[in-house]
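What follows is a set of notes on a single structure, which appears directly below.
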Amino acid sequence: MRTVFRIFRDDVRSLSKRFFASAVILAISVLPALYAWVNIYANGNPYANTGGIKIAVASVDPGLDLEDGTHANMADEVCEDLKKSDKIGWQFPDTAEEAIAGVRSGEYYAAIIFENNFTYNMYHFEQALLDQTAPITYYENAKKNAVASKITQTAAGNVQESIKTKYLETVFGIIFGETNDVADKLKDGDTVDSVVSQLENVRDTLRSYDSAVSSFTKNSADLKAGLSSTGKKLRKTEASAKKYANKAENDLTTARSSVEALRTALSARQARLDSRINELESIVKQMDGATAEERARLEKEAKEKADSLKKDLEDLRSMFPDQTDNPAVEAIEGTLDSMITDAENIKNGLPNPDTALADLASLRKLNEGALTESVDSLIDTTDAALEQLIPLTKSVASMLGSIDPVVDGAAQTVGALDNSLVQMQKVFRATADDVDDMIKKVKAASDDEKLDLLITLLGGDPQAYAQFFSSLIDVEVEEVYSVASYGAAMAPFYSVLAIWVGGVILVSILKTHIDRRKYPDATEAEAFFGRFQLFLLIGQMQAAVIVAGDIFLLHCKPVHPLLMWLSASVASLVFVLLIYALTISFGDIGKAIVVVVMVVQIAGSSGSYPIEILPVVFGKIYKFFPFPYAINAMREALCGVYGYDYVKYLAELLVFGVLGTAIGIFVRKPFIGMNNFVSEKIEETELL
């Protein structure tokens, strides 16, 4: 140990006697702190200046004429509310086209467009659940800035939450407005029974809203189960998907050929129908002026022809099973039903040739007109669909890898919608129960008390009622561990990163090897720890400066300032030891390893993003690097300690210090000769 301390003492004396060297040491003690402070300050409160983020808002909503003669336009009301907000740079172009064009050009980061069904859905809850067209369309330009797109999405989410509240205010404003009107009518002498009947209608309306939500969430539960099942099946069968995709492509090609064959077959059948109509028409015309015996023969032959025609039509009709959701098939079925009726009329009305000829003319017209058009439309539509599906199957195998997250995302979206609707359903149900209790109280009262009781129960401000019930879905946020600002929350990551950068600067400027001529008897271990003490001292100075600036300059306000300094001190000890050991053991190769390790840790240490949302590879390797433990220890000091987590993180961090010592003492020895060889070759280049 005497040699170790002698090396350290000589290093300190050497620095103190040389002003330039002392100035360099002072500079590298502060330089890493500047790196941390600049980044922490830049991230101090990035969401305080979001007023400069331009988001366009436009509406194509025509509004709605209400039963009381007034006109409502909820989109305009939302726009008026947004104009009062300065948290986002809301812009209001004249048309939706201008807003969308602005997003494409980069003038706006995003655009929110209120569609033409926005107000209508506000006042028609059950119809809104069935509406397939979204009442709001969100356009986003993610190219401009990655973080800005997250801010715009948050702003759009806040608008959505505001609309939810306004929606409930509208619904309950209507309901309690009706009850208020009822109270006024009571004062004018309306009967109690009719008022109770109106209250029952209000209750039933709320119950219908409740049922509509139940029905929707029940169906969405099936949808979520289907999506989950689909996701599992996709993950299980992805390996064989290409085989099925190729088979599907072949099947679709065959199907197109079948469609062409069907077109030919149907054309042949129609030609046959036309031939039968002509034959039947010829027979009917011969009846005019024929003898009684000849007429009887012709009638018999005509009935047989008409019966054959009817059977041909029925056979053709059986080729198109009932499809109420296919307009083309419905048109064909309707035409064939009319033709079958005409054939039956001909068969039953042959004694009157004129009527039979009229029916035959109708048959020919249907066969050449409506039937041909409907069949051609069906076949053309089917052929076009198949033509679009064939190229889709060619790329489906490559798409399967991206379908899985889309399916999962769809399931999450459905779940989020369910949660919102369930919250609204609770309010509907509670209000319906209150109205039901009101009805029961009135019915239980005596005849003399009913009128006064109704007026008392129904009176009040409907707007106040609406705001009260809409606020039932508000959520109160209670922070468990709070931080002063977003910059303070990022301080552990940037401070730990700066400590590592400080170690990198040290091995880049200071010599890691001692002068063997001055200490010829020093062992490798003594040489290692002797020079390391100088690195340790400067590293501790760097850590102290970083933490002092975090606390006093940037006002990060840690709960435990001393523990924050201690975590930085231990992190510096471990980092400098590890960096020093790698450098002294492997030379320039060791420095390269240090830089690579730093780059990997910046991306995958969970310093800025949760490790759960990073690529899987980082989740598997991050625990083998020191950054996460140093960051977690500093977070405990900054936000508050839970149990023994702080001690556990420091203990885990010190394991890497043991690893660094092992590399410097034991792993280093076999590589001494190789390092000397590499150093000589590098010097020979006169470039490195």
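Here the structure is a predicted model, which means the values were calculated and not measured.
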Query raised in the report: Can you tell me if Glu140 uses its side chain to pair, donor with acceptor, with the backbone of Tyr138 under 3.5 Å?
Result: no
Query raised in the report: When you measure from the side chain of Asn141 to the backbone N and O of Ala110, does any donor-acceptor pair fall under 3.5 Å?
Result: no
Query raised in the report: At their closest point, which heavy atom of Gly660 faces which heavy atom of Phe528, and how far apart are they?
Result: O-CZ, 4.4 Å
Query raised in the report: Side chains of Asn39 and Phe493: does their closest heavy-atom pair fall under 4.5 Å?
Result: no
Would you give me the side-chain donor-acceptor pairs under 3.5 Å for residues 14-29, sequence neighbours excluded?
unit_1 : atom_1 : unit_2 : atom_2 : d
Ser14  : OG     : Arg18  : NH1    : 3.1
Ser16  : OG     : Val12  : O      : 3.3
Ser16  : OG     : Arg13  : O      : 2.8
Arg18  : NH1    : Ser14  : O      : 3.0
Ser22  : OG     : Leu15  : O      : 2.6
Ser22  : OG     : Arg18  : O      : 3.1
Ser29  : OG     : Ile25  : O      : 2.7

Requested in this report: Verify side-chain contact (heavy atoms from CB on, under 4.5 Å) between Phe114 and Val78, making sure each step is shown before the conclusion.
Outcome: CA-CA 10 Å; Phe114 295 102; Val78 175; 3.6 Å; yes
Query raised in the report: Counting N and O atoms only, with roles assigned by atom type, does the side chain of Trp37 sit under 3.5 Å from a partner on the main chain of Ile546, one being a donor and the other an acceptor?
Result: yes
Query raised in the report: Would you say the side chain of Asp645 lies within less than 4.5 Å of the side chain of Asn632, judging by non-hydrogen atoms?
Result: no
Report summary line: Sorted by chain and number, sequence neighbours left out, side chain to side chain donor-acceptor pair (under 3.5 Å) with Arg516 holds for Glu524
Donor-acceptor pairs under 3.5 angstrom involving side-chain atoms of residues 497-511: please list them, not counting sequence neighbours.
unit_1 : atom_1 : unit_2 : atom_2 : d
Ser508 : OG     : Val504 : O      : 2.8

Query raised in the report: How long is the span from the OG1 atom in Thr95 to the CD1 atom in Ile100, to the nearest 0.5 Å?
Result: 8.5 Å
Query - side chain to side chain donor-acceptor pair (under 3.5 Å) contacts in which one or both residues fall within residues 530-545, not counting sequence neighbours - result: Asp11-Arg531, Gln540-Ser569
Report summary line: d(Phe624 CZ, Tyr622 OH) to nearest 0.5 Å is 10.5 Å
Query - Minimum heavy-atom distance Gly530-Ile7, with the two atoms named - result: C-CG2, 3.6 Å
Report summary line: dist Tyr109:OH -> Ile88:CD1 (nearest 0.5 Å) comes out at 11.0 Å
Query raised in the report: Would you say Val655 and Val658 make side-chain contact, with heavy atoms under 4.5 Å?
Result: no
Requested in this report: Report yes if some heavy atom in the side chain of Pro628 is under 4.5 Å from a heavy atom in the side chain of Tyr649; otherwise report no.
Outcome: no
Query raised in the report: Got a sec, which residues hit side chain to side chain donor-acceptor pair (under 3.5 Å) with Ser567, two or more places apart in sequence or on another chain?
Result: none
Query raised in the report: How many angstroms lie between atom CD of Glu526 and atom CZ of Arg2, to the nearest 0.5 angstrom?
Result: 11.0 Å
Report task. Mind jotting down which residue pairs meet the ring-ring contact (aromatic ring centres under 6.0 Å, His included) criterion with at least one end in residues 543-566? Sequence neighbours excluded, please. Result -> none
Report task. Ignoring hydrogens and angles, tell me if any N or O in the side chain of Ser105 forms a donor-acceptor pair with the backbone of Gly102 under 3.5 Å. Result -> yes
Query - Where Cys556 and Ala491 come nearest, the two heavy atoms and their spacing - result: SG-CB, 3.9 Å
Requested in this report: Check whether any side-chain N or O of Tyr629 sits under 3.5 Å from a backbone N or O of Leu654 as a donor-acceptor pair, and report yes or no.
Outcome: no
**Report entry** Any donor-acceptor N or O pair under 3.5 Å, side chains Ser59, Asp76
**Finding:** no
Requested in this report: Taking the side chain as every heavy atom from C-beta outward, state whether Glu115 and Asp61 have any pair of such atoms under 4.5 Å apart.
Outcome: no
Query raised in the report: Yes or no on side-chain contact (heavy atoms from CB on, under 4.5 Å) for Ser585 and Val667, after CA distance, side-chain angles and deciding distance?
Result: CA-CA 7 Å; Ser585 299; Val667 178; 5.6 Å; no
Query - Donor-acceptor contact present, side-chain Glu636 to main-chain Ala633, <3.5 Å - result: no
**Report entry** Any Met634 side-chain heavy atom under 4.5 Å of Val496 side chain
**Finding:** yes
Query - Heavy atoms of other groups near Phe92 CZ, more than 12 under 6.0 Å - result: yes
**Report entry** Heavy-atom pair of closest approach, residues Thr583 and Lys591
**Finding:** CG2-CE, 3.6 Å
Query raised in the report: If you measure only the distance, is there a donor-acceptor pair under 3.5 Å linking the side chains of Asp10 and Tyr519?
Result: yes
Requested in this report: Kindly indicate whether the side chain of Val483, heavy atoms from C-beta on, has any atom under 4.5 Å from the side chain of Leu638.
Outcome: yes
Report task. Give a yes or no on this: more than 12 heavy atoms of other residues, nucleotides or ligands lie within 6.0 Å of atom NZ of Lys83. Result -> yes
Requested in this report: With the side chain counted from C-beta on, respond yes when Leu653 and Phe627 share a heavy-atom pair under 4.5 Å apart, and no when they do not.
Outcome: no
Report task. Considering non-hydrogen atoms only, spot the tightest contact between Phe656 and Leu578 and give its length. Result -> O-CD1, 4.0 Å
Report summary line: Tested for ring pair (Phe, Tyr, Trp, His ring centres under 6.0 Å) against Tyr580, the lone hit among Phe586, Phe535, Phe529 is Phe535
Query raised in the report: Between Ser495 and Ile40, which heavy-atom pair has the shortest distance, and what is it?
Result: OG-CD1, 4.0 Å
Report task. State the CG-CD1 distance between Leu534 and Ile538, to the nearest 0.5 angstrom. Result -> 4.0 Å
Report task. Keeping the roles fixed (side chain from Ser572, backbone from Gly539), state whether a donor-acceptor pair exists under 3.5 Å. Result -> yes
Report summary line: So CG of Leu582 and OG1 of Thr512: to nearest 0.5 Å the spacing works out to 11.5 Å
Requested in this report: Mind telling me whether Tyr494 and Tyr35 have parallel, tilted or perpendicular rings, with 30° and 60° as the class edges?
Outcome: perpendicular
